[in-house]
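Below is one structure; the comments refer to it alone.
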Amino acid sequence: MRSLYVYNTLSRDRELFEPETPPFVGMYVCGPTVYGEGHLGHARPAVTFDLIYRYLLHLGYRVRYVRNITDVGHLENDADEGEDKIAKKARLEQVEPMEVAQRYTNSYRENMRALNVLSPGIEPLASGHIPEQIAYVERILEAGYAYVVDGSVYFDVEKYNADHPYGILSGRRIDELQTSTRQLDGQDEKRSSLDFALWKKASPEHIMRWKSPWSDGFPGWHMECTAMGTKYLGETFDIHGGGMDLLFPHHEAEIAQAVAATGKKPVKYWLHNNMITINGQKMGKSLGNFITLNEFFSGEHKSLTQAYDPMVIRFFILQAHYRSTLDFTNEALQAAGKGLKRLFEGVNTLKNLSHTGKASFDAAQLEAQCHQAMCDDFNSPVALAHLFDGLRYINQVKDGKATIDQHTLDHLRTIYNTFLHEIFGLTSEESGNPDVLNRVMETLINLRNDARKNKDFATSDKIRDELAAAGIVMKDSKEGTTWQFEG
RNA sequence: GGUCUCGUGGCCGAGUGGCUAGGCAGCGGUCUGCAAAACCGCCUACAGCGGUUCGAUUCCGCUCGAGACCUCCA
């Protein structure tokens with residue numbers, strides 16, 4: 001198996017990837033909170049970890065991929081006074097909380113399918129794992145790292161820090177944190193402002209609630225990932241992923257919870273994708289540049305000049321390294337769209353090529369370069385650059401300016417299929433055209449070429465222009481005329 | 001205010017102590033009845049100021065600028 005290096009946030013460095021029990025890999029990724037439409041911010045981690053998942057599978061690992069659906073109990077900001085996000089939305093819309101969660105879960109899954117993101121092996125719901133979460137809180141209480149106040153359970157960060165360093169992931173220090181935390185709901189109950197809730201007692205108007213030994217309430221917002229990760233991947237597993245914004249406090253709290261309960265560090269490799277911006281600005285509900293995925297796909301948003309194919313968004317994301325910030329602009333997306341189209345056309349060319357002689361290109365080297373890039377912390381932009389380099393050779397062969405042998409031809413086909421489709425998950429919507437359409441087009445092409453031969457360009461151009469108006473493009477080359485649908 | 005990340009050519013984005021990705025746009029050419037596509041060539045940048053070095057875009061320091069987290073968010 002190839003040597004894969006991944007950037008581990010825990011060490012702030014690239015490390016050789018060595019799973020606990022190869023060939024098995026346990027991977028947990030923080031999924032969406034389903035209280036609203038999927039947006040651009042959801043696409044980045046989904047595509048990033050889809051790439052990682054696909055590449056690990058390609059390398060021969062057997063991956064158990066868990067991505068949760070958060071459908072309970074995250075606290076809102078002070079304007080909402082600790083009200084549950086989903087409950088709040090439900091009241092506004094006068095429906096059951098689980099109905100809201102279901103609707104947006106469905107919507108999220110549809111978006112993921114459009115982006116060709118593979119389904120995780122397990123997609124657990126937080127609401128379906130309340131007993132596991134309660135049991136986990138009990139373990140932490142038994143270990144002495146939590147305390148109960150009026151039906152709520154809080155994690156005792158200072159006590160924990162005395163035995164285990166708190167902040168190993170985010171690089172934060174407890175004394176620095178103490179001075180920079182602000183007042184939140186329930187603060188007076190906590191011994192320290194740093195402590196976080198493991199279980200929250202529900203206020204009377206709070207409609208999402210479950211029974212527990214401490215109160216009718218709901219789990220703290222770091223609890224579900226710890227409980228469900230443990231349940232499906234064990235007390236220690238290989239990869240935990242998510243957005244950089246989750247680094248603190250969410251992932252830090254997850255480590256503390258697990259160490260408090262088990263004495264073991266739960267995760268070997270912490271992987272974090274960077275954030276996206278829109279026109280150089282952070283995307284935020286308050287900034288008015290919040291674009292949902294459906295708006296992207298339809299183009300219905302005031303800051304979009306056109307609709308974007310989900311594959312273009314996927315390709316755009318893959319063209320940047322996952323640990324860099326990525327800026328979405330119309331210009332950049334359009335550029336990506338053209339690049340992607342060129343790539344697909346090259347693959348199509350490759351499909352129709354036949355061997356012509358000696359190859360003047362080293363396909364094995366191309367393959368090695370692509371893998372080298374991917375093994376260096378999943379550097380998809382560099383791998384894509386190599387594929388574009390190969391494209392030039394393919395087109396030269398098409399133009400008769402280079403030659404290719406059968407072996408190289410087969411090898412290139414395998415490489416492009418493997419990387420573009422299998423690993424990058426890029427698909428062209430070359431839906432198998434019905435035979436009848438191919439026959440019709442063949443006829444039209446023949447008619448037009450007859451006209452061209454007779455220098456009846458009025459007729460030949462009429463055929464081409466009218467087909468163009470219908471969305472079909474004709475392309476003349478030495479080998480003859482080809483056609484395709486064009487947007 | 002604290003912690004951290006980053007600043008690359010018209011735009012997007014890799015990467016490196018000397019050999020300086022890739023995409024898009026632009027310009028010139030080849031091909032073509034024309035067009036499109038493709039191919040060839042050109043445009044060769046690393047915020048600013050110091051320092052280390054034979055040599056720095058790449059290492060160090062400072063300045064300026066942007067962003068993330070600390071507080072719901074991917």
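Quick note on labels: first sequence line is chain A, next is B, and so on, each numbered from 1. Since this is a predicted model, take the numbers as computed values, not measurements.
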Rounded to the Å, how far apart are [X] [atom1] and [N] [atom2]?
{"X": "W270(A)", "N": "A74(B)", "atom1": "CH2", "atom2": "C1'", "value": "15 Å"}
{"X": "L366(A)", "N": "G22(B)", "atom1": "CG", "atom2": "C1'", "value": "13 Å"}
{"X": "L318(A)", "N": "A21(B)", "atom1": "CG", "atom2": "C1'", "value": "17 Å"}
{"X": "K282(A)", "N": "U71(B)", "atom1": "NZ", "atom2": "P", "value": "13 Å"}
{"X": "D376(A)", "N": "G15(B)", "atom1": "CG", "atom2": "P", "value": "7 Å"}
{"X": "N449(A)", "N": "A35(B)", "atom1": "CG", "atom2": "C1'", "value": "14 Å"}
{"X": "L384(A)", "N": "C24(B)", "atom1": "CG", "atom2": "P", "value": "12 Å"}
{"X": "H251(A)", "N": "U3(B)", "atom1": "NE2", "atom2": "P", "value": "23 Å"}

Using the [atom1] atoms only, state how far [M] lies from [N], rounded to an integer number of Å.
{"N": "C12(B)", "M": "G17(B)", "atom1": "P", "value": "25 Å"}
{"N": "A38(B)", "M": "A45(B)", "atom1": "C1'", "value": "28 Å"}
{"N": "G23(B)", "M": "U63(B)", "atom1": "C1'", "value": "34 Å"}
{"N": "G18(B)", "M": "G13(B)", "atom1": "C1'", "value": "24 Å"}
{"N": "U16(B)", "M": "G10(B)", "atom1": "P", "value": "23 Å"}
{"N": "C70(B)", "M": "A14(B)", "atom1": "C1'", "value": "31 Å"}
{"N": "C73(B)", "M": "G51(B)", "atom1": "C1'", "value": "42 Å"}
{"N": "U5(B)", "M": "G9(B)", "atom1": "C1'", "value": "23 Å"}

> For the side chain of R172(A) and the base of C69(B), is some donor closer than 3.5 Å to an acceptor across the two?
Replying inline: yes
>> Is it the case that the base of C34(B) and the side chain of R464(A) share a donor-acceptor contact (distance under 3.5 Å, atom types as modelled)?
In response: yes
Report each atom pair, protein N/O against N/O of nucleotides 11-13 of chain B, whose distance is under 3.5 angstrom.
{"residue": "C11(B)", "atom": "O2'", "partner": "E331(A)", "partner atom": "OE1", "Å": "3.4"}
{"residue": "G13(B)", "atom": "OP1", "partner": "D327(A)", "partner atom": "N", "Å": "2.9"}
{"residue": "G13(B)", "atom": "O2'", "partner": "Q319(A)", "partner atom": "O", "Å": "3.4"}

>> Is T33(A) close enough to A74(B) that one of its side-chain N or O atoms is under 4.0 Å from OP1 or OP2 there?
In response: yes
> Can you list every pair that meets salt bridge (charged side-chain N to carboxylate O under 4.0 Å, His left out) and has a residue in residues 356-373 of chain A, with sequence neighbours left out?
Replying inline: none
> For F457(A) and G33(B), are the ring centres under 5.5 Å apart with planes inclined under 30°?
Replying inline: yes
Using a heavy-atom cut-off of 4.0 Å across all strands, would you classify [X] as base, sugar-phosphate, or nothing?
{"X": "H39(A)", "value": "base"}
{"X": "M275(A)", "value": "base"}
{"X": "L333(A)", "value": "nothing"}
{"X": "G41(A)", "value": "base"}

> Among all residues two or more places apart in sequence or in another chain, which pass the ring-ring contact (aromatic ring centres under 6.0 Å, His included) test with F316(A)?
Replying inline: F328(A)
> Given T292(A) and H39(A), is the side chain to side chain donor-acceptor pair (under 3.5 Å) satisfied, shown in steps?
Replying inline: CA-CA 4 Å; T292(A) 69; H39(A) 53 77; over 6 Å; no
With rounding to the nearest 0.5 Å, note down the distance linking [atom1] in [X] to [atom2] in [Y].
{"X": "T349(A)", "Y": "K398(A)", "atom1": "OG1", "atom2": "NZ", "result": "4.5 Å"}
{"X": "H222(A)", "Y": "Q257(A)", "atom1": "NE2", "atom2": "CD", "result": "7.0 Å"}
{"X": "L194(A)", "Y": "N161(A)", "atom1": "CG", "atom2": "CG", "result": "9.0 Å"}

> So which pairs with a foot in residues 317-329 of chain A pass side chain to side chain donor-acceptor pair (under 3.5 Å), sequence neighbours left out?
Replying inline: T277(A)-D327(A), H321(A)-D377(A), Y322(A)-D377(A), R323(A)-D377(A)
> With no hydrogens and no angle check, do the side chains of S119(A) and E123(A) hold a donor and an acceptor under 3.5 Å apart?
Replying inline: no
>> Is it true that D13(A) and N8(A) share a donor-acceptor pair across their side chains at a distance under 3.5 Å?
In response: no
>> For RNA chain B, report each stem as range with range, ordered by first number, or say none. Use Watson-Crick or G-U wobble pairs under 3.5 Å, at least 3 in a row.
In response: B:1-7 with B:64-70, B:10-12 with B:22-24, B:26-30 with B:38-42, B:47-51 with B:59-63
Let me have the donor-acceptor pairs involving side chains of residues 337-347 of chain A, under 3.5 Å, with sequence neighbours excluded, atom names and distances please.
{"residue": "E345(A)", "atom": "OE1", "partner": "K475(A)", "partner atom": "NZ", "Å": "3.3"}
{"residue": "E345(A)", "atom": "OE2", "partner": "K475(A)", "partner atom": "NZ", "Å": "3.1"}
{"residue": "E345(A)", "atom": "OE2", "partner": "Q484(A)", "partner atom": "NE2", "Å": "3.3"}

> How far apart are the closest heavy atoms of L326(A) and I317(A), and which atoms are they?
Replying inline: CD2-CA, 3.8 Å
> Is D50(A) salt-bridged to R54(A), cutoff N-O under 4.0 Å?
Replying inline: yes
> Among the nucleotides C34(B), C73(B), C4(B), which one has an atom lying closest to any side-chain atom of W221(A)?
Replying inline: C73(B)
> From the list A21(B), C70(B), A14(B), which nucleotide is the closest neighbour of the side chain of V382(A)?
Replying inline: A14(B)
Salt bridge (charged side-chain N to carboxylate O under 4.0 Å, His left out) partners of [X], counting only residues at least two apart:
{"X": "R413(A)", "answer": "D410(A)"}
{"X": "E466(A)", "answer": "none"}
{"X": "R452(A)", "answer": "D476(A)"}

> Relative to the 5' end of RNA chain B, which residue comes earlier, P32(A) or N379(A), by the nucleotide with the nearest heavy atom?
Replying inline: N379(A)
>> Taking the nucleotide of RNA chain B with the nearest heavy atom to each, does L247(A) or L340(A) sit closer to the 5' end?
In response: L340(A)
> Which residue pairs pass the ring pair (Phe, Tyr, Trp, His ring centres under 6.0 Å) test when at least one of the two sits in residues 108-127 of chain A, sequence neighbours left out?
Replying inline: H42(A)-Y108(A)
Review item, nucleotides 36-38 of chain B N/O atoms under 3.5 Å of protein N/O:
{"residue": "A36(B)", "atom": "N1", "partner": "D476(A)", "partner atom": "O", "Å": "2.9"}
{"residue": "A38(B)", "atom": "O3'", "partner": "N395(A)", "partner atom": "ND2", "Å": "3.0"}
{"residue": "A38(B)", "atom": "O2'", "partner": "D399(A)", "partner atom": "OD1", "Å": "3.4"}
{"residue": "A38(B)", "atom": "O2'", "partner": "D399(A)", "partner atom": "OD2", "Å": "2.9"}

Nucleotide N/O of nucleotides 41-45 of chain B paired with protein N/O under 3.5 Å:
none

